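Remarks on the structure that follows.
Heavy-atom basis, side chains included; hydrogens, waters and symmetry copies ignored. Keep in mind that this is a model prediction, so the values were computed, not measured. We name chains A, B, ... by the order of the sequence lines, and we start the count at 1 in each one.
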Amino acid sequence: MLFSKLLIPTLKEAPQEAEIVSHKLMLRAGMIRKVASGVYTWLPLGLKVLRKVEGEVRTAMNNAGAQEVLMPMVQPKELWNETNRWEKMGKELLRFRDRHDRDFCLGPTHEEVITDLIRNNVRSYKELPINAYQIQTKFRDEIRPRYGVMRSREFIMKDAYSFSVNEKCLDESYINMRNAYKQILQNIGLDFKIVKADSGAIGGDASEEFHVLAENGEDTIAISTNSEFAINTELLLEEGEDIKSLEGKDSPDGKGIMQIKKGIEVGHIFKLGQVYSNDMNASVQSQEGRSSTLYMGCYGIGVSRIVAAAIEQNNDEKGIVWPVSIAPFDVNIIAIGFDKNEKVANAATDLYEKLSNQGYDVILDDRKAGFGAKIKDSELIGIPMNIIIGKLYVEKNEIEMRTRDGQISLVQIDDLEVIFNHFK
RNA sequence: CGGGGUAUAGCGCAGUCUGGUAGCGCACUCGCUUUGGGAGCGAGUGGUCGUAAGUUCGAAUCUUACUACCCCGACCA
């Protein structure tokens, strides 16, 4: 793609509305723009990252045997009445009426809709387990939207729902999703912890949260230095624990000592058991020929929140430092004097095509701007690799390869193998 | 909803106390010169000062009401 043709309105200064680093950088890099409080437009650059995160999630879900569906954002009151949640939910459930005066809401989650689908279309235990997921826009009328896309009212979530005949099978589905979530965050390249959590309003037996560790995290978690043990301090507070005195104590599992960290909750998995399937009469015929109420699990990942969390964890004074897996582009070819110097333009275009043909996601900065402006933008946007074609090339056929973290090497432009090797 | 704050050009800000008809930097447009760390010179464009009402000869500035947005708390992917 040509930089000059893409809408990438970068800013030198962060708008006053932004408080935390990820929000500032997303605005400055031209990834998002606010439409209303907690409601954002994703511009081309932001959308590219969002799509890459979606891709990582989708791949891992499919590999785990889940199947993709797409449910409506608009849901009828009748379904929510079945679980009594129309009454139970507060104002975060945005309700409205259609022209026939029928009540609807914007879906903050989809237990009712998916359970309705399964109960109407699955008859036998032989068809189970089923795990259906979607990647979709959710709306929660949050009391206080905050920090840009980190806690917005409208956001993209991957939500998966598993249906099993018995508790043991639910456990298997749960572990399966737990592993898939680990895989997703590892593949993206984020530092995270799995944390025991309060199962909260959604209800059910057990739940764990996936937290990306970052200083601006909204949650406080207690983790062990030497094991997987981690717990949300909200749970400890309920038990009357004094959080501050925990730091430095032995971990309850005997391995390592406790540390208090800040985390961003990007995923949450629940064993729901039969809460919703009881309310909604979701059952199948069991092996014994009797009606058997389904066991459910639900598994959420905040796709748009991961974008913000990744920035929160990976940035420096110059801008964003994307993990390669979700960077908007793999390479930026910075062509200095593209509009004036034919030799530069030809070489840049030629290299652009060669790299694209190799399957790299490449952008060519063909703008009429100086080196300083171009490299600053590239650093702000966080593209992992820059290839600079300028004076050195004109004089000595050399191009400069420069990573986002500042490692520089000079390469002959015809040395394609050497160039490609830099991407490994 | 409770507490705190902000609102002047696309972004960052000054002007408000002490009323006199709006300014700076960046960005943007045109021209020429530039092109390896956000280029220079020259000439320009852009604002019913958040909205409404009031006080006044006169309001960005004073008064009142409203709205939007941000921050701290309860909610959550």
(request) Check whether any side-chain N or O of A/Y147 sits under 4.0 Å from OP1 or OP2 of B/rC72, and answer yes or no. (result) yes
(message) If you only use heavy atoms from C-beta on, which nucleotide in B/rA77, B/rC69, B/rC72 is closest to the side chain of A/F270?
(response) B/rA77
(message) What's the gap between B/rG44 and B/rG25 when it is taken at their P atoms, as a whole Å value?
(response) 15 Å
(request) Look at all strands and tell whether A/A14 reaches a base, only sugar-phosphate, or nothing, counting heavy atoms closer than 4.0 Å. (result) sugar-phosphate
(message) Check this for me: A/K5, atom NZ, are more than 12 non-hydrogen atoms of other residues, nucleotides or ligands nearer than 6.0 Å?
(response) no
(message) My understanding is that a pair needs two contacts under 3.5 Å, Watson-Crick or G-U wobble. By that rule, which nucleotide pairs with B/rA27?
(response) none
(message) For the residue pair A/R51 and A/W42, would you count it as a cation-pi contact if the rule is NZ or CZ under 6.0 angstrom from the ring centre and within 45 degrees of the ring axis?
(response) no
(message) With a 3.5 Å limit on both atom pairs, tell me what B/rG50 is paired to, counting Watson-Crick and G-U wobble, or say none.
(response) B/rC66
(request) Give a yes/no on whether any side-chain N or O of A/R144 is located under 4.0 angstrom from OP1 or OP2 of B/rC71. (result) yes
(request) For B/rG38, give its Watson-Crick or G-U wobble partner with both distances under 3.5 Å, or none. (result) none
(request) Can you tell me the pairing partner of B/rA22 across any strand shown, Watson-Crick or G-U wobble, with both distances under 3.5 angstrom? (result) none
(request) Could you list the residues that satisfy ring-ring contact (aromatic ring centres under 6.0 Å, His included) with A/F210, not counting sequence neighbours? (result) A/Y181
(message) Of the options B/rC75, B/rC70, B/rU35, whose atoms approach the side-chain atoms of A/S37 most closely?
(response) B/rC70
(message) Taking any heavy-atom pair under 4.0 Å as a contact, classify A/K158: base, sugar-phosphate, or nothing.
(response) nothing
(message) Tell me whether A/E215 at atom CD has more than 12 heavy atoms from other residues, nucleotides or ligands lying less than 6.0 Å away.
(response) no
(message) Distance check, P atoms only: B/rU67 and B/rU51, in whole angstrom units.
(response) 15 Å
(message) Under 4.0 Å, counting only non-hydrogen atoms across every strand here, what does A/G302 touch: a base, just sugar-phosphate, or nothing?
(response) base
(request) Could you tell me whether A/K376 and A/E379 have a side-chain N and a carboxylate O separated by less than 4.0 Å? (result) no
(message) Can you check the distance between B/rC75 and B/rA60, where both ends of the measurement are the C1' atom (answer in whole Å)?
(response) 39 Å
(request) Select base, sugar-phosphate, or nothing to describe what A/E379 touches, counting heavy atoms under 4.0 Å on all strands. (result) base
(request) Can you tell me, in whole Å, how much space there is between the C1' of B/rG46 and that of B/rG4? (result) 35 Å
(request) Establish, with yes or no, whether the OP1 or OP2 oxygen of B/rC76 is under 4.0 angstrom from a side-chain nitrogen or oxygen of A/R305. (result) no
(request) Identify, between A/G267 and A/R367, the residue whose nearest nucleotide on RNA chain B lies closer to the 5' end. (result) A/R367
(message) Categorize A/I388 for me: base, sugar-phosphate, or nothing, with a 4.0 angstrom heavy-atom threshold over every strand shown.
(response) base
(request) Side chain of A/R151 only, please: which of B/rC13, B/rA77, B/rU35 is the nearest? (result) B/rA77
